[in-house]
Amino acid sequence: MRASRHDGTAAAGGAIAASGPTRSPWLKILRASLMASGAAAVLIIATAATVAGTAGAVSALLGAVLVMLFFAISLLVGHFVGRSNPSGAIGAFIGTYVIKVVGFGAALFLIGTPDWLERTWFFVAAVAAVLVWQAAEVFAFARTRHQLYADPEPAPEDIQQEPKGESSHGG
């Protein structure tokens with residue numbers, strides 16, 4: 001960490017630049033959430049394979065993948081909508097959520113439960129994926145920077161230039 005002097009410059013001599021908001025944080029949040037929930041899913045799938053065989057492992061894989069897909073769609077929509085219309089991302093999240101709930105619900109209702117599905121391992125993997133995904137998502141989101149105020153750019157006539165050869169530093 002570099003020390004800062006009272007005049008706002010770094011002790012090493014360079015100016016400290018102001019940092020702005022995180023540009024399109026959704027893909028970083030998606031990556032963090034996928035990595036965390038994927039790691040949890042691997043552990044659960046390995047346990048399911050040991051305890052319940054192939055059917056348990058596939059059931060756990062299906063439960064985890066469905067949850068991760070469900071949440072990933074929202075972050076991808078947020079990324080693409082947020083790039084062109086940051087304030088519209090929330091509306092896109094809400095619309096996407098409604099479509100996903102109806103779509104996944106209809107798919108589960110129409111497809112039904114296959115005979116080979118181990119419901120316990122499907123449930124354990126799905127719940128674990130939800131909990132780990134949400135924790136990772138909140139943690140990653142909390143580490144993003146958000147601009148609270150839109151600083152206007154100064155108009156050219158508002159910028160006062162010093163005459164050449166004179167300095168306000170007195171020396």
Side-chain angles (χ1 to χ4, degrees), residues 1-2 4 8 10 15-48 57-114 117-159:
M1 178 181 268
R2 292 176 18 172
S4 179
I16 297 174
S19 63
T22 303
R23 289 181 38 87
S24 189
W26 309 115
L27 291 181
K28 291 178 184 176
I29 295 170
L30 175 63
R31 184 176 337 127
S33 300
L34 279 173
M35 288 174 43
S37 58
V42 167
L43 292 174
I44 293 170
I45 291 166
T47 304
V58 173
S59 298
L61 174 67
L62 184 60
V65 166
L66 282 175
V67 167
M68 293 187 316
L69 179 64
F70 186 86
F71 287 123
I73 290 170
S74 294
L75 292 174
L76 288 172
V77 166
H79 171 70
F80 290 111
V81 171
R83 285 183 5 195
S84 60
N85 183 9
S87 62
I90 296 298
F93 282 137
I94 293 169
T96 303
Y97 184 79
V98 170
I99 291 169
K100 289 186 310 182
V101 167
V102 170
F104 277 105
L108 290 174
F109 180 74
L110 294 174
I111 294 172
T113 305
L117 186 77
E118 293 284 339
R119 293 177 186 214
T120 301
W121 287 108
F122 180 89
F123 177 77
V124 167
V127 169
V130 167
L131 294 174
V132 172
W133 183 286
Q134 290 297 299
E137 189 173 51
V138 167
F139 181 77
F141 184 79
R143 299 182 60 81
T144 61
R145 298 177 64 98
H146 303 275
Q147 185 169 353
L148 298 177
Y149 304 102
D151 296 328
E153 294 292 325
E157 61 273 2
D158 292 340
I159 300 174

With rounding to the nearest 0.5 Å, note down the distance linking CG in L76 to CG in L30. 5.5 Å
With sequence neighbours excluded, tell me which residues meet side-chain contact (heavy atoms from CB on, under 4.5 Å) with T113. L117, R119
Scan the side chains in residues 103-112 for donor-acceptor partners under 3.5 Å anywhere in the protein, sequence neighbours excluded, and list what turns up.
none

Side-chain donor-acceptor pairs of residues 124-140 under 3.5 Å, sequence neighbours excluded:
unit_1: Q134; atom_1: NE2; unit_2: E137; atom_2: OE1; d: 3.4

Taking atom CZ of F141 and atom CH2 of W26, what is their separation to the nearest 0.5 Å? 5.0 Å
Show the atom names and distances, to 0.1 Å, of all donor-acceptor pairs under 3.5 Å that link a side chain in residues 62-70 to residues at least two apart or in another chain.
none

Tell me, please, which residues at least two apart from S74 pass side chain to side chain donor-acceptor pair (under 3.5 Å). K100
Drop me the distance from F80's CZ to L75's CG, to the nearest 0.5 angstrom. 11.5 Å
Please tabulate, for the side chains in residues 34-48, all donor-acceptor contacts under 3.5 angstrom to protein atoms that are two or more places apart in sequence or on a different chain.
unit_1: S37; atom_1: OG; unit_2: S33; atom_2: O; d: 2.8
unit_1: T47; atom_1: OG1; unit_2: L43; atom_2: O; d: 2.9

